Amino acid sequence: MRSVPTVGVFDSGVGGLSVLKACTETLPAAKFYYYGDNERAPYGGRPKEEIAQFTAEALSVFAALGVDAAVIACNTATAACIEEMRARFGFPVVGVEPPVALAAKRFDRAAVLATPFTAQSDRLKALIARFPQTRFEVIALPHLAEAVERALRWGAPLSLAEHLPPGGDFPCAVLGCTHYWLIRRAIARFWGVEVFDGAQGVANRLREEIEKIGIGVHVWPHLGVNECFTTKCNKNTKNRAIFLGNCSRINKNLFISNVCFNNF
Ligand code: DGL
């Protein structure tokens, strides 16, 4: 039995860092790799086949790194291809979905904010159908993930009024894209609503998977560092899928403490 679980967390860009944060807090003994496909973000307006191909590339990197489990920290990729990825890779793959169950527990109306792909997906429709007591208004936001990506990576200004409709008949909003978590407080303020996100739910599921495969999760924290990789890197690098070692790395601590989690 290995004593240090190793986990790969993937998103189209910076959004999955919200899930990474919850996972590192829930499994402090694990070693995490984070892969952000920033070069090709956003995914939300892309066709299913393309999203599946990009996701498979990321998971192949994790496979090469010998991970024990992977997290698709992207609602869009989960909606597009999680079953395909589970069938294809030999490790458990945990996905993220809009946490409509959390809203349905307390509210009879809720907005669900998602990328265009997730918003029209059969997976989201099936999920919502499980909670007939709550009326969900699904709002597709074609450019918000990209705007968050730009704001967090380059400091570009982000005006929510340009992306969100002026509010509606809902007391809460379900975040159906991990990028939105990074501006969750701003969204809550903009509409004066409560927001729900799925990051902790994913971390809990990951913990169950790790326990299931029998790796200790109560050992002392590993001595190695978590590593983050981005595909948005050296322009001369042709191979954007495997870039370990010869590309710029996102510094996780910089992102987590200074950018993503405090600014909004
Ligand atoms: N963060 C992603 C999600 O949860 C993807 C956003 C995008 O790339 O469009 O859906």
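For clarity, every value in this text was computed on a predicted model and none was experimentally measured. Below, all heavy atoms of this structure are taken into account, side chains as well, without hydrogens, waters or symmetry copies. Atoms within each ligand, like the ligands themselves, are counted from 1 in listed order.
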At a 4.0 Å threshold, what atoms of ligand 1 neighbour a non-hydrogen atom of [X]?
X	value
C74	2 (C), 3 (C), 4 (O), 5 (C), 10 (O)
C177	1 (N), 2 (C), 3 (C), 4 (O), 6 (C), 10 (O)
T115	6 (C), 9 (O), 10 (O)
S12	5 (C), 6 (C), 7 (C), 8 (O)
A145	6 (C), 7 (C), 9 (O)

Point to revise | Option among W191, F136, F196 that satisfies the ring-ring contact (aromatic ring centres under 6.0 Å, His included) test with F170 | key: W191
Considering only protein heavy atoms, which is closest to [atom], and at what distance to one decimal place?
atom	answer
atom 9 (O) of ligand 1	G44 N, 2.8 Å
atom 3 (C) of ligand 1	N75 N, 3.3 Å
atom 10 (O) of ligand 1	T76 OG1, 2.6 Å

Exercise for review: Ignoring hydrogens and angles, state whether a donor on the side chain of T118 or S121 is under 3.5 Å from an acceptor on the partner side chain.
Suggested key: no
Answer yes when [X] and [Y] have at least one side-chain N-carboxylate O distance shorter than 4.0 Å, and no when they do not.
X	Y	value
E137	R109	no
E97	R205	no
K212	E208	no

Exercise for review: Identify which of W181, Y43, F54, F117 has a heavy atom lying nearest to atom 7 (C) of ligand 1.
Suggested key: Y43
**Study point:** Contact summary for I51 and Y43, nearest pair of heavy atoms
**Key:** CD1-O, 3.6 Å
Check your understanding: Looking only at heavy atoms, which two atoms of A111 and I139 are closest? And how far apart?
Key -> CB-CD1, 4.2 Å
Exercise for review: Report yes or no: is the cationic atom of R40 (NZ for Lys, CZ for Arg) closer than 6.0 Å to the six-membered ring centre of F54, at no more than 45° off its axis?
Suggested key: yes
Review point. Counting both backbone and side chain atoms, is some N or O of T118 under 3.5 Å from an N or O of ligand 1?
Key: no
Practice item. Could you tell me whether T178 and ligand 1 have an N or O pair separated by under 3.5 Å? Key: yes
Check your understanding: Using a heavy-atom cut-off of under 4.0 Å, does the side chain or the backbone of D11 touch ligand 1, or both, or neither?
Key -> side chain
